[in-house]
Amino acid sequence: MHPYRTHTCGELRPAHAGREVRLSGWAHRKRDHGNLVFLDLRDHYGLTQCVIDTASPLFAEVEKVSPESVVTVTGTVVARSAETVNATLATGQVELQISAFNIESAADMLPMQVAGDAEYSEDLRLRYRFLDLRRDRLHANIVLRNQVIASIRRRMIEQGFMEFQTPILTASSPEGARDYLVPSRIHPGKFYALPQAPQQFKQLLMISGFDRYFQIAPCFRDEDARADRSPGEFYQLDLEMSYVTQDDVFAAVEPVLHGVFVEFAKGAPVTPTPFPRIPLAESMLRYGSDKPDLRNPILISDVTEAFRGSNFGLFARVVEKGAVVRAIPAPKAATRPRSFYDKLNDWAKAEGMGGLGYAVFADNEVRGPIAKNLEPARLEAIRTASGVAAGDAVFFVCAPKAEAAKFAGAVRTRLGQELELIEANVFKFCWVTDFPMYERDPDTGKIEFSHNPFSMPQGGLEALTSKDPPDILAFQYDIVCNGVELSSGAIRNHRPDIMYKAFEIAGYSAADVEARFGGMLSAFKFGAPPHGGSAPGIDRIVMLLAGEPNIREVVAFPMNQQAEDLLMGAPAPVDPARLRDVHIRVEMPKAKEPRGS
RNA sequence: GGGGGUGUAGCUCAGUCCGGUUAGAGCGCCGGCCUGUCACGCCGGAGGCCGCGGGUUCGAGUCCCGUCACUCCCGCCA
């Protein structure tokens, strides 16, 4: 007999009755009846009830085994009597009569219980991640992650994509997030950087003639964490294709994401392909966000003209100075008490808005402080624009365009939640397209790349030379699901002449471009196919499919918000000799104690 | 870098608003009883720098100041 197991803890069925078997696993839970003990043995595959009574000399040993000890149990499979079958357990029709018992590894008193669904602080869970990973929820999430990645890989290969590995130690990229730096021992004062994404490598692979690239790629960015953003590192389904238009990329990505979501959504509806395409400008107007949550039925509209020159002086004056007014409908909110509106007003102030005006479209009248100051024609214009019916209310945001869009989006989200309008258990996808190539820094007035500097401007060189930079759009797109940005991508700029011009507009000389992207640029000068791609975030996909609100729930060993690994103790000070090896001298910030480890 | 929330037993939390006897509960742990449970049940017990430091007060878990940790958000994330 195998020293550890003949079967797994999820395997035994009535057909095994009478067989002598051996199981190994963790002592999940014990029910001690004094002269009879039930021991639930757990492994990756399931749970099996083992039983022993005082007739056995092993009884005392089994009775005192501590939870989460690893044990090997040998015995006879016994069919349970009808009254004692546990229908909630896959192995619940049988149990194991213990005839031999060996403790492989005894467990101390636990800082957190594995059995049961008690909640623990994230601090504790990260410190004892190996215990947390044994628990149902996290264990299932990591299994799901594995299945999602396997499915993605299969779907990509079926579509003719080749999987690559690209360097982890690479060069710092001048645009984008802060890099993680790795000092060079051989080259004093020089550093490698961990890749923020394999962006340049995948483009080089296209130029190298491989046609269709993908990678489940680790990406490293030294930026602060969020609930949906891992500190330090995360994974992307990075992909790139040659000789493609934007539509070709969409047509390649959609079936993969749609297929994976249908496969793992447990019956929840998934937007059919092709996914809706929403230009960024429309997204900002109608949804108040560059990542619209289409589960929320509320649509924002512009009602600036209804307030221009009106008796509602507060808005009229600001509109004269160039502000816009956005209307956010609140379906069936007319019967809500005054407190509903006051509460939202207080919330708006706390969010940094001046307040939140509103009008209530009741059956025969329009009520509210703003409505009193507007003529019927103006109210009718608002009603038409916002599409409200009798019984609805409308909220108003008045501010400079960008700010108004953002606040209106926050109001839309808040109303969707308050009025319980957000559709549950559904995955709603869309593409957000036509991102601008540049934006003007509001403080300095300087023109900067708004997203990826390697994107192809719509209209090519001609657009760059003839248009006002903020008006130039790029073949740049995001994919959004339920208000979560899953990926961004672009058709790349493969033309050196266009690239020099694009960088020139953002204030980089030809020499700058050559110094920073010399490798890429030389590649473009020796025959580069038109190409483009995208990079959906793996962690976010799994997070959505697992129904988790936090990305750390789908990562086996995440760092905490301070980018520390509490289990391994990273980051940590290193021996001075090792610092000398890499020519580093540490200068501590003043008046701040270093974080201990 | 900034703002909000949290910090009390191994763990999850109550008590803090409005200062006053020996700081409680559930789970876990230890001991006892229990032969059909599956979140087993019953009885008993141990376990506390009330995050840390300072202050106010006759008296601080509770009020004030500072600080640290965790978390959520803003900045940041081409």
Side-chain angles (χ1 to χ4, degrees), chain A residues 28-42 47-56 59 63-64 66-68 78 80-89 91-92 95 107-128 131-132 173-179 196-197 199-200 219-232 234 350-352 406 410 435-439 448-455 474 476 485 488-490 502-503 506 516-517 535 537 549-550 552 560-562 564 566 589 591-593 595-596:
Chain A
H28 183 70
R29 195 173 254 135
K30 213 170 34 179
R31 290 173 295 283
D32 186 348
H33 292 245
N35 292 309
L36 174 75
V37 168
F38 297 100
L39 173 67
D40 291 339
L41 202 62
R42 184 197 73 243
L47 209 64
T48 300
Q49 173 167 285
C50 305
V51 63
I52 193 167
D53 66 23
T54 40
S56 166
F59 180 82
E63 189 183 32
K64 67 173 199 285
S66 58
E68 293 308 305
V78 180
R80 297 203 207 176
S81 66
E83 318 84 69
T84 59
V85 162
N86 183 350
T88 62
L89 210 60
T91 61
E95 64 193 9
D108 286 348
M109 212 220 313
L110 300 164
M112 65 192 288
Q113 288 156 249
V114 172
D117 54 4
E119 290 187 16
Y120 299 95
S121 72
E122 189 152 35
D123 198 23
L124 189 84
R125 293 176 54 203
L126 291 174
R127 203 173 291 280
Y128 298 97
L131 288 179
D132 202 17
S173 62
E175 294 286 328
R178 265 185 299 274
D179 291 310
Q196 295 181 23
Q199 179 66 34
Q200 295 188 54
C219 303
F220 305 89
R221 296 179 189 176
D222 185 5
E223 295 295 346
D224 289 334
R226 287 290 181 280
D228 65 353
R229 207 162 80 202
S230 300
F234 61 97
E351 290 285 302
K406 190 177 145 209
F435 279 79
M437 190 80 191
Y438 303 98
E439 58 195 34
E448 296 175 333
F449 286 112
S450 60
H451 291 87
N452 186 334
F454 300 116
S455 300
Q476 166 101 37
E485 182 192 314
S488 59
F503 275 89
R516 292 173 176 196
F517 308 109
N550 189 306
R552 293 186 293 270
N560 67 8
Q561 193 170 262
Q562 277 64 245
E564 294 165 305
L566 298 176
K592 261 279 192 195
E593 289 295 311
R595 286 179 193 285

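Any value given below was found using the heavy atoms of this structure, including those in side chains, with hydrogens, waters and symmetry copies removed. Chain letters run A, B, ... following the sequence lines, proteins first, then strands; residues in each count from 1.
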Scan nucleotides 23-35 of chain B nucleotide by nucleotide, 5' to 3', and note B when protein non-hydrogen atoms come under 4.0 Å of the base, S if they reach only the sugar-phosphate, - if neither.
-> ----BSS----BB
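- OP1 or OP2 of B:C72 has at least one side-chain nitrogen or oxygen of A:Q561 nearer than 4.0 Å.
- Counting any heavy atom pair closer than 4.0 Å across all strands shown, A:R127 reaches no nucleic acid atom.
- A:N550 has a side-chain polar atom (N or O) that falls below the 4.0 Å cut-off from OP1 or OP2 of B:C72.
- We find that CD of A:E448 is positioned 15 Å from C1' of B:C77, with the value rounded to whole Å.
- Using a 4.0 Å heavy-atom cutoff across all strands shown, A:D117 reaches no nucleic acid atom at all.
- For the P atoms, the distance linking B:U35 with B:C72 amounts to 49 Å, nearest Å.
- Spacing between B:U12 and B:G2 at atom P, rounded to whole Å, works out to 28 Å.
- The nearest heavy atom of RNA chain B to A:Q476 and to A:D224 marks one nucleotide each, and the one closer to the 5' end goes with A:D224.
- Residue A:Q562 places no side-chain N or O under 4.0 Å from the OP1 or OP2 atom of B:A69.
- Going from atom OH of A:Y120 over to atom P of B:U71 covers 18 Å, rounded to whole Å.
- The two atoms that bring A:S450 and A:E439 nearest to each other are CB-OE1, 3.1 Å, heavy atoms only.
- Under the ring pair (Phe, Tyr, Trp, His ring centres under 6.0 Å) criterion, A:Y120 pairs with no residue, sequence neighbours left out.
- Remark: the separation of the C1' atoms in B:A39 and B:C76 is 45 Å, to the nearest Å.
- What separates CG of A:L89 from P of B:G36 is a distance of 20 Å, to the nearest Å.
- Among the protein residues, A:D228 comes within range of no part of the nucleic acid, since none of its heavy atoms lies under 4.0 Å from any strand.
- For the P atoms, the distance from B:A60 to B:G55 is 12 Å, rounded to whole Å.
- Taking the P atom of each, B:G32 and B:C68 are spaced 49 Å apart, rounded to whole Å.
- Between B:C11 and B:C50, the two P atoms lie 14 Å apart (nearest whole Å).
- Atom CD of A:E223 is separated from atom C1' of B:C76 by 5 Å (rounded to the nearest Å).
- Residue A:R29 places at least one side-chain N or O closer than 4.0 Å to OP1 or OP2 of B:C40.
- The local environment of NZ in A:K406 is sparse, with at most 12 non-hydrogen atoms from other residues, nucleotides or ligands closer than 6.0 Å.
- Between the CG atom of A:D123 and the P atom of B:C70 there is a distance of 6 Å, rounded to whole Å.
- Using a 4.0 Å heavy-atom criterion, one finds that A:A118 contacts no nucleic acid atom at all.
- Remark: C1' of B:C76 and CD of A:Q196 are 12 Å apart, rounded to the nearest angstrom.
- A:E119 has its CD atom 14 Å from the C1' atom of B:U6, to the nearest Å.
- Here the rule is side chain to side chain contact (heavy atoms under 4.5 Å, CB included) with A:Q49, and of A:H28, A:E95, A:R29 only A:E95 fits it.
- With respect to A:R229 and A:D224, no salt bridge is recorded, no charged nitrogen being found less than 4.0 Å from a carboxylate O.
- When rounded to the nearest whole Å, the span between CG of A:D40 and C1' of B:C40 equals 11 Å.
- Comparing the C1' positions of B:G66 and B:U56 gives an interatomic distance of 15 Å, to the nearest angstrom.
- Here A:T84 lies in heavy-atom contact (under 4.0 Å) with a base.
- An OP1 or OP2 oxygen of B:U37 is reached within less than 4.0 angstrom by no side-chain nitrogen or oxygen of A:R31.
- When each of B:U71, B:G36, B:C11 is scored by its nearest atom to the side-chain atoms of A:L124, the top-ranked nucleotide is B:C11.
- Taking atom P on both B:C42 and B:G48, the two are 26 Å apart, rounded to the nearest angstrom.
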